[in-house]
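Shown next, in structure tokens, is the structure this report addresses.
Computed from heavy atoms alone, side chains included, the values below leave out hydrogens, waters and symmetry copies.
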Amino acid sequence: FKEVEEIIESLQVAVEHADSNIRNKLELLQAELHGLGARHNKAVALYNAAIASAKKSKFIHEQGLACERAGLYYKKMGFARDALVHFQQAHACYKEWGSSVKVGAIQRELDGFNSVGNNFI
């Protein structure tokens, strides 16, 4: 993960000069890294921070991405309710942004919650 850590260091410098443009990207990357490292509490806090930062900066598409990635993380960890909530938020963000492709992709995730015999929920 050395390359990812170097990117994070670069983003930490950049956030000092363009906080509203960079912070959510930094937090999302950090969340992904902590998720891979099995640091659940830190990953969750950073996913939430990335979502909040993107919302504050009015980057609806990046808010959708952070919600989607959080949903996938929760799904992988077996937290169905949290995954569902984040996929619903991602769906709403992508719909507002106007991306029918992303709306469709998230809708397929949401449909998985309603599948008969689905072991996920």
Side-chain angles (χ1 to χ4, degrees):
F1 298 117
K2 183 177 181 221
E3 293 162 344
V4 175
E5 290 170 356
E6 289 173 1
I7 293 168
I8 287 173
E9 287 176 17
S10 295
L11 289 173
Q12 287 171 329
V13 171
V15 83
E16 294 174 19
H17 305 285
D19 185 79
S20 63
N21 288 326
I22 306 293
R23 179 163 303 282
N24 70 296
K25 297 163 188 67
L26 171 62
E27 291 164 338
L28 183 56
L29 188 56
Q30 289 172 320
E32 295 280 298
L33 189 60
H34 285 288
L36 291 172
R39 294 181 295 274
H40 177 72
N41 291 340
K42 190 69 173 167
V44 167
L46 285 161
Y47 280 119
N48 290 335
I51 292 165
S53 294
K55 184 175 184 174
K56 181 179 177 185
S57 296
K58 299 183 175 155
F59 295 152
I60 192 72
H61 59 297
E62 293 180 14
Q63 181 183 348
L65 177 63
C67 290
E68 178 182 5
R69 296 303 306 167
L72 290 169
Y73 174 75
Y74 282 119
K75 179 180 176 182
K76 178 180 84 173
M77 298 301 293
F79 297 112
R81 281 195 196 281
D82 293 317
L84 177 61
V85 166
H86 284 85
F87 285 137
Q88 289 170 332
Q89 291 173 350
H91 188 277
C93 290
Y94 288 141
K95 187 173 183 177
E96 182 178 334
W97 186 43
S99 176
S100 59
V101 172
K102 291 303 288 182
V103 168
I106 298 300
Q107 187 59 54
R108 286 187 290 281
E109 289 289 347
L110 290 169
D111 290 345
F113 285 91
N114 299 322
S115 297
V116 175
N118 186 341
N119 294 329
F120 181 53
I121 55 173

Measuring from [X]:[atom1] to [Y]:[atom2], what's the distance to the nearest 0.5 Å?
X	Y	atom1	atom2	result
Leu28	Glu68	CG	CD	10.0 Å
Ser53	Asn21	OG	CG	11.5 Å
Gln12	Arg23	CD	CZ	9.5 Å
Gln63	Glu96	CD	CD	8.0 Å

Do you know which two heavy atoms are closest between [X] and [Y], and how far apart they sit?
X	Y	result
Gly35	Ala43	N-CB, 3.6 Å
Ser57	Ser20	OG-O, 2.8 Å
Tyr74	Ala83	CB-N, 3.6 Å
Ala49	Glu27	O-OE1, 2.9 Å
Gly64	Ala90	O-CB, 3.6 Å

Taking the side chain as every heavy atom from C-beta outward, state whether [X] and [Y] have any pair of such atoms under 4.5 Å apart.
X	Y	result
Val15	Leu11	no
Glu5	Leu33	yes
Gln107	Lys95	no
Lys56	Asn24	no

Problem set entry | With Arg69, the salt bridge (charged side-chain N to carboxylate O under 4.0 Å, His left out) member among Glu32, Glu109, Glu62 |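 Testing each of Glu32, Glu109, Glu62 against Arg69, the sole residue satisfying salt bridge (charged side-chain N to carboxylate O under 4.0 Å, His left out) is Glu32.
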
Problem set entry | Single hit among Lys75, Lys76, Met77 for side chain to side chain contact (heavy atoms under 4.5 Å, CB included) with Phe79 |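 Passing option: Met77.
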
Is there a continuous path of hydrophobic side-chain contacts, each under 4.5 Å between heavy atoms, that joins [X] to [Y]?
X	Y	answer
Leu26	Phe59	no
Leu110	Val85	no
Ile51	Leu84	no
Leu46	Leu72	no

For this session: Run the numbers on His61 and Lys102 for side chain to side chain contact (heavy atoms under 4.5 Å, CB included), then give the verdict.
Result: CA-CA 10 Å; His61 59 297; Lys102 291 303 288 182; over 6 Å; no

Exercise. Do Ser99 side-chain atoms and Tyr94 backbone N/O form a donor-acceptor pair below 3.5 Å?
Worked result: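 No, Ser99 side chain to Tyr94 backbone: no donor-acceptor pair under 3.5 Å.
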
Exercise. Okay, side chain of His86, backbone of Asp82: is any donor-acceptor separation there less than 3.5 Å?
Worked result: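 Present.
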
For this session: Answer yes if the side chains of His40 and Tyr73 hold a donor-acceptor pair under 3.5 Å, and no otherwise.
Result: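 Yes, side-chain donor-acceptor contact under 3.5 Å.
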
Problem set entry | Neighbour count above 12 (heavy atom, 6.0 Å) for Glu6 CD |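 Result for CD/Glu6: enclosed.
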
